[in-house]
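Chain letters run A, B, ... following the sequence lines, proteins first, then strands; residues in each count from 1. Just so it is clear, the structure is predicted and the values come from calculations on it, not from any experiment.
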Amino acid sequence: MHIPKITRILMNFAEYSDKGKEAQMVRLLISRDGQSLALLYERYSAALFGIIRGMISDEELGKEVLQDAFVKIWQNADKYDATKGRLFTWMVQVTRRLAIDSIRSKQFKTDRKTDMLPDSVSNASSLSEETNLKDIGLRRIVNQLDEQHKSIITLLYFQDYTQKEVSQELDIPLGTVKTRTRKAMERLRGILRNEGLATSFAISLTEFIKHYLGH
Amino acid sequence: MDIKEYILSGVLELYVLGKLDAQENAAVELMAAQHPEVRVEIDAIEQALEVYAQLHAQTPPQGTLGEILNRVDQLRPANPAASAGSTPQSPRLFMVLVIAAALVSIMAALWAFNGKRQTEAQIAGVQARLDSIRLSCDAIARENVANLAELDFLKDIATRPIIMRGTPGKAPAAIAAVYVNPQQGKAYLNVVNLPAPTPGKQYQLWVIVGTNLPADMGVFDLPQTPGLLKEIAFRSEFAGKVTFAVTLEDAGGKPAPDLTQLYLISEAG
């Protein structure tokens with residue numbers, strides 16, 4: 001049975017969004033459990049690689065950063081503080097810092113702005129989405145976002161622009177970046193909530209079918 | 001500050017996106033610690049971005065995980081600080097191991113000590129048995145030497161037996177013999193069957209040469225082992241014709257025999 005990607009992601013997310021499971025994963029990581037790293041990779045590598053590729057167009061270099069990131073996450077798992085936020089947020093921070101270091105050391109920073117900087121903001125978002133947009137679910141979600149909302153999330157989240165860089169790029173006052181980010185995230189959360197309702201229905205339907213078929 | 005307003009300001013989004021400086025981050029964390037609704041809002045933003053990131057996921061090139069695992073494996077022994085920090089329970093584990101090792105050592109020592117004591121007891125037992133066997137062996141060897149000497153004496157063709165038979169009135173079934181060997185100058189008494197003497201009495205051996213009066217050959221007790229030879233004094237007359245007799249006399253014997261108490265006598269000759 002074909003399950004749309006968005007459904008799979010949300011199903012997967014529903015499974016892992018549980019803080020208890022996340023804490024368990026962190027404990028395994030800290031204990032240097034051999035399988036925990038593979039598990040972590042299976043769950044997060046593609047999402048982190050998507051974020052890296054938003055900053056670094058070179059796949060080989062992106063791969064190096066991803067490797068560095070997982071090694072560092074594995075080494076510093078005990079420094080992750082669950083009271084301050086989710087595991088994935090921390091992993092993104094670690095990954096992003098390494099990507100920036102890599103860009104700086106290779107003097108990619110200036111290249112990035114010309115390399116990755118799209119002619120129009122709408123193109124910017126499509127850069128990292130061009131392959132994934134084939135997925136109907138993702139396209140449906142992204143299409144529900146206004147251009148200005150989509151672009152600000154893309155610039156801040158995937159391309160690691162600073163507030164100042166965003167204000168320059170989008171030609172909006174610095175103070176507006178904050179409020180527009182809020183509006184964009186509210187919209188995104190609303191869309192995901194709606195999708196989530198559909199997803200939870202899909203999950204229970206899938207589970208029912210699985211159960212019925214004896215899988 | 002009004003919490004709702006604070007939440008709506010967008011600062012929490014920028015916090016999650018990592019766009020705040022250290023001071024601003026600390027301020028948000030303080031607010032989150034003080035107001036649960038701020039914490040909840042941050043978590044919701046994080047979840048939304050996590051799903052969004054998963055939507056934009058790109059599968060890394062093949063073999064990336066393998067390379068990561070290799071690098072981590074190489075780091076493992078070369079990073080004692082990291083591993084030390086990762087195992088806060090290791091000192092306790094170490095103590096448990098030390099105590100366990102000590103217990104095992106004590107048990108092994110007790111076992112060894114007990115085993116040693118048992119072994120020593122066994123050795124002592126074996127030694128005692130060996131000693132007793134050696135003693136009985138010595139005794140048997142001495143007996144054997146005596147038996148061989150007797151056998152040699154009896155086999156000697158110069159040895160002549162003089163048989164005494166029981167008198168009909170006293171001991172008709174009794175039988176005894178004196179073996180004499182004039183060449184060796186030795187004589188042995190062999191009492192085969194005599195009734196035990198009454199208390200205060202002893203058997204006395206006599207020798208009669210020719211027509212002389214019986215001569216005293218001394219008193220004797222019945223041998224503890226029947227058939228055991230008892231050496232008696234040899235006289236040169238034994239080479240000729242002699243008669244031996246045994247009477248039951250008062251203990252210690254008498255110079256002349258009481259012939260009413262004659263128990264054994266050999267045929268003259």
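- Residues Pro60(B) and Ala46(A) approach most closely at CD-CA, 4.1 Å, considering heavy atoms.
- Atoms CG and CZ, from Leu37(A) and Arg71(B) in turn, are 11.0 Å apart once rounded to the nearest 0.5 Å.
- For the atom pair Leu66(A) CG and Ile68(B) CD1, the distance stands at 5.0 Å (nearest 0.5 Å).
- Atom-to-atom distance recorded for Leu8(B):CG and Lys178(A):NZ is 12.0 Å, nearest 0.5 angstrom.
- Residue Leu87(A) does not touch chain B at all, counting heavy-atom pairs closer than 4.5 Å.
- Contacts between Glu60(A) and chain B at a heavy-atom distance below 4.5 Å are absent for every atom of the residue.
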Please walk me through it: do Leu65(B) and Glu42(A) pass side chain to side chain contact (heavy atoms under 4.5 Å, CB included)?
-> CA-CA 9 Å; Leu65(B) 176 61; Glu42(A) 186 199 11; over 6 Å; no

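- Between the Glu46(B) side chain and the Arg86(A) main chain, a donor and an acceptor come within less than 3.5 Å of each other.
- If you take CZ on Arg53(A) and CD on Gln58(B), they are separated by 5.5 Å, rounding to the nearest 0.5 Å.
- Only the side chain of Arg96(A) has a heavy atom closer than 4.5 Å to any heavy atom of chain B.
- Of all the heavy atoms in Tyr52(B) and Leu188(A), the pair that sits closest is CD1-CD1, 3.5 Å.
- The contact between Ile153(A) and chain B is made entirely by side chain atoms (from C-beta outward), counting heavy-atom distances below 4.5 Å.
- Looking at Asn76(A), there are no atoms closer than 4.5 Å to chain B (heavy atoms on both sides), in backbone or side chain.
- Remark: Thr154(A) OG1 to His56(B) NE2 distance equals 6.0 Å, nearest 0.5 Å.
- For Lys155(B), the side-chain contact (heavy atoms from CB on, under 4.5 Å) partners are Leu151(B), Asp152(B), not counting sequence neighbours.
- The heavy-atom pair separating Phe158(A) from Ala53(B) by the smallest distance is CZ-CA, 4.2 Å.
- Annotation: Gln34(B), atom CD; neighbour count of heavy atoms from other residues, nucleotides and ligands within 6.0 Å is above 12.
- The OG1 atom of Thr64(B) lies 11.0 Å from the CD atom of Glu64(A); values are rounded to the nearest 0.5 Å.
- A salt bridge links Glu50(B) with Arg43(A): the closest approach of a Lys/Arg side-chain nitrogen to an acidic carboxylate oxygen falls below 4.0 angstrom.
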Show your reasoning for whether side chain to side chain contact (heavy atoms under 4.5 Å, CB included) applies to Leu49(B) and Phe88(A).
-> CA-CA 9 Å; Leu49(B) 283 173; Phe88(A) 183 72; over 6 Å; no

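- When heavy atoms are compared at a cutoff of 4.5 Å, Leu156(A) approaches chain B by way of both its backbone and its side chain.
- Within 6.0 Å of the NZ atom in Lys63(A), the count of heavy atoms belonging to other residues, nucleotides or ligands exceeds 12.
- More than 12 heavy-atom neighbours from other residues, nucleotides or ligands sit within 6.0 angstrom of CG on Asn114(B).
- Side-chain atoms of Arg182(A) and Ile7(B), non-hydrogen and from C-beta on, do get closer than 4.5 Å to each other.
- Between the side chain of Arg189(A) and the backbone N or O of Gln47(B), no donor-acceptor pair lies under 3.5 Å.
- Annotation for Ala48(B) and Met185(A): closest pair CB-CE, 4.0 Å, computed over non-hydrogen atoms.
- Residues of residues 9-29 of chain B placed with any heavy atom under 4.5 Å of a heavy atom in chain A are listed by number as Ser9(B), Gly10(B), Val11(B), Glu13(B), Leu14(B), Tyr15(B), Val16(B), Leu17(B), Lys19(B), Leu20(B), Glu29(B).
- Atom CG of Leu110(B) is surrounded by more than 12 heavy atoms from other residues, nucleotides or ligands within 6.0 Å.
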